K.L.:
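Please find one structure pasted underneath; my questions will follow.
Not measured: the values here are computed from a predicted model.
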Amino acid sequence: MATSAFETPLRKLRLETGWLQGEFAKASADPDSRRSQLTCEMSIIRLYDSWARFCREAVIISAYGKTTTLSGTNLKSSSLPAITSRSQVIPVLIATYKKRLHEPDWERVDQFVDAGQRLALQNLSTLAAAFGATNSPADEIRHVRNFYAHRRQGSCANALATNHFPLLHRPIVFRLNEYRTGGSTVLESWIQRLLAVAVAAVQ
C-alpha cells in the first residue's frame, strides 16, 4: 500500500506530544518553582496548539487529495477544481466566506466541520465523527489552556468546570500531573485520547 500523506502530521503530533509530556513531568517534580509552573503552563498551551496544527493539516491533505487514508480509502483528486496544490487550500477556503479574513479555529469542531463542508472534503464524515467524539479531550484542554493564556475570570471558571481541579479556586497546573482512574495522569490521559482521535480521524 502506498504511503499515506496523513502519516506525516500524525507522526509530528506523536513526537511533539511525547516531548511535551516529558517536559511537563520533569517540571512537575519541582512544584515550588515559578519556572516549573511556567513550563507546565506553556506545555498545556503548546499541546493545544499542536492539536490545532494537526486538525489544519488534516484538512489541507484531505482537500488536496491524491493520497489514501490510513485504512486505504483513496482520495483520488482534489475536493474542488480550484485546488491544484496544498498551498491553495486555505486561500480557496477563505474566499468562500463573505467577511472572514482569517482561518477558522481548526480545533473547534463546529468551525472545522463548516470549513470541511465549504471545501467539500470527501472524508468529512470520518473526520467529523472522530473530532466530535465524546472521548475527545480537546474542549477540556481548550478551557484549561485559555486560563493559562489569558488569566481571565471567565476562563478560570471554565477551567475549573472541567473538574480536574477539585476543591481549588484556580486551576493549579500541577494538579494535571496527578493520577486518575485508569492509572494515568490527567495530561497523559489527554495525550492518549488525542492520539486515539487523531488516528480515527484519518482512517
Side-chain angles (χ1 to χ4, degrees), residues 2-24 40-73 75 78-79 83 85-94 102-146 148-149 162 176 184-203:
T3 300
S4 169
F6 292 104
E7 292 179 2
T8 296
L10 189 58
R11 181 173 63 253
K12 289 180 179 178
L13 182 66
R14 286 188 174 119
L15 288 172
E16 185 167 8
T17 55
W19 176 75
L20 291 171
Q21 182 175 317
E23 291 298 301
F24 187 96
C40 288
E41 291 179 357
M42 185 54 66
S43 295
I44 302 304
I45 293 172
R46 287 200 53 177
L47 174 63
Y48 193 63
D49 290 346
S50 178
W51 179 242
R53 286 193 297 274
F54 174 82
C55 296
R56 180 182 189 271
E57 194 64 18
V59 167
I60 291 174
I61 292 172
S62 298
Y64 179 60
K66 300 178 178 61
T67 189
T68 63
T69 65
L70 295 189
S71 65
T73 300
L75 305 179
S78 299
S79 60
I83 299 174
S85 69
R86 291 188 187 181
S87 64
Q88 290 179 323
V89 172
I90 300 303
V92 168
L93 172 63
I94 297 300
H102 55 84
E103 295 184 27
D105 293 327
W106 295 108
E107 69 286 354
R108 300 287 295 267
V109 176
D110 57 338
Q111 295 190 38
F112 179 95
V113 171
D114 178 66
Q117 291 172 337
R118 291 171 181 273
L119 291 168
L121 300 185
Q122 304 166 69
N123 56 334
L124 179 59
S125 59
T126 301
L127 291 165
F131 290 150
T134 56
N135 67 315
S136 173
D139 277 346
E140 291 180 18
I141 300 171
R142 174 168 60 87
H143 291 314
V144 175
R145 175 263 179 205
N146 284 348
Y148 299 139
T162 64
L176 301 176
S184 299
T185 66
V186 175
L187 181 67
E188 289 170 349
S189 175
W190 277 350
I191 291 174
Q192 291 164 7
R193 290 155 61 198
L194 278 182
L195 292 176
V197 169
V199 170
V202 296
Q203 290 300 312

K.L.:
Counting C-beta onward and ignoring hydrogens, is there a side-chain heavy-atom pair between L47 and I141 closer than 4.5 Å?
P.N.:
yes

K.L.:
Got T69 and T126 here, is their nearest side-chain heavy-atom distance under 4.5 Å?
P.N.:
no

K.L.:
Out of curiosity, F24 CZ to I44 CD1, how far, rounded to the nearest 0.5 Å?
P.N.:
5.0 Å

K.L.:
With rounding to the nearest 0.5 angstrom, report the CG to CG distance, L124 to D114.
P.N.:
10.0 Å

K.L.:
Got a donor-acceptor contact below 3.5 angstrom from the E140 side chain to the T162 backbone?
P.N.:
no

K.L.:
I'd like to know whether NZ of K66 has more than 12 heavy-atom contacts from other residues, nucleotides or ligands below 6.0 angstrom.
P.N.:
yes

K.L.:
Between CG of L121 and CD1 of I61, what distance do you get to the nearest 0.5 Å?
P.N.:
11.5 Å

K.L.:
Locate the shortest heavy-atom distance separating Y64 from S85; write the atom from each residue and the value.
P.N.:
CE1-CA, 3.5 Å

K.L.:
Should R193 and S136 count as side-chain neighbours, where that means a heavy-atom distance under 4.5 Å?
P.N.:
no

K.L.:
Rounded to the nearest 0.5 Å, what separation is found between the CZ atom of F6 and the OG1 atom of T67?
P.N.:
6.5 Å

K.L.:
Just do the side chain to side chain contact (heavy atoms under 4.5 Å, CB included) check on I90 and R56 with the steps written out, would you?
P.N.:
CA-CA 9 Å; I90 300 303; R56 180 182 189 271; 3.5 Å; yes

K.L.:
Walk me through whether R46 and D49 qualify under salt bridge (Lys or Arg N to Asp or Glu O under 4.0 Å).
P.N.:
CA-CA 5 Å; R46 287 200 53 177; D49 290 346; over 6 Å; no

K.L.:
For a 4.5 angstrom cut-off between non-hydrogen side-chain atoms, does C40 reach L176?
P.N.:
no

K.L.:
With heavy-atom distances below 4.5 Å as the criterion, would you say the side chains of F54 and T17 are in contact?
P.N.:
no

K.L.:
Under 4.5 Å between any side-chain heavy atoms of E16 and R53, yes or no?
P.N.:
yes

K.L.:
At their closest point, which heavy atom of A198 faces which heavy atom of L13, and how far apart are they?
P.N.:
CB-CD2, 3.7 Å

K.L.:
For the pair Q111 (side chain) and E107 (backbone), establish whether a donor and an acceptor sit closer than 3.5 Å, ignoring hydrogens and angles.
P.N.:
no

K.L.:
Could you tell me whether a side-chain N or O of S78 sits under 3.5 Å from a main-chain N or O of G65, the two making a donor and an acceptor?
P.N.:
no

K.L.:
So do R142 and R108 actually touch side chain to side chain, heavy atoms under 4.5 Å?
P.N.:
yes

K.L.:
State, to 0.1 Å, how close Q203 and S71 come at their nearest heavy-atom pair, and which atoms those are.
P.N.:
C-OG, 3.1 Å

K.L.:
Apply side chain to side chain contact (heavy atoms under 4.5 Å, CB included) to the pair L119 and I83, showing each step before the final yes or no.
P.N.:
CA-CA 9 Å; L119 291 168; I83 299 174; 4.1 Å; yes

K.L.:
Indicate the atoms forming the closest heavy-atom contact of S4 with T68, along with that distance.
P.N.:
OG-O, 2.5 Å

K.L.:
What distance do I94 atom CD1 and H102 atom NE2 have between them, rounded to the nearest 0.5 Å?
P.N.:
8.0 Å

K.L.:
Using every non-hydrogen atom in the two residues, find where F112 and C55 come nearest and quote the distance to one decimal.
P.N.:
CE1-O, 3.5 Å

K.L.:
To the nearest 0.5 Å, what is the distance between OG (S62) and CZ (R86)?
P.N.:
10.0 Å

K.L.:
Could you report the tightest heavy-atom contact between A200 and A130, atom names first, then the distance?
P.N.:
C-CB, 3.8 Å

K.L.:
Between W190 and Y48, does the ring centroid distance fall short of 6.0 Å?
P.N.:
no

K.L.:
Do P104 and L93 come close enough that some side-chain heavy atom pair is under 4.5 Å?
P.N.:
yes

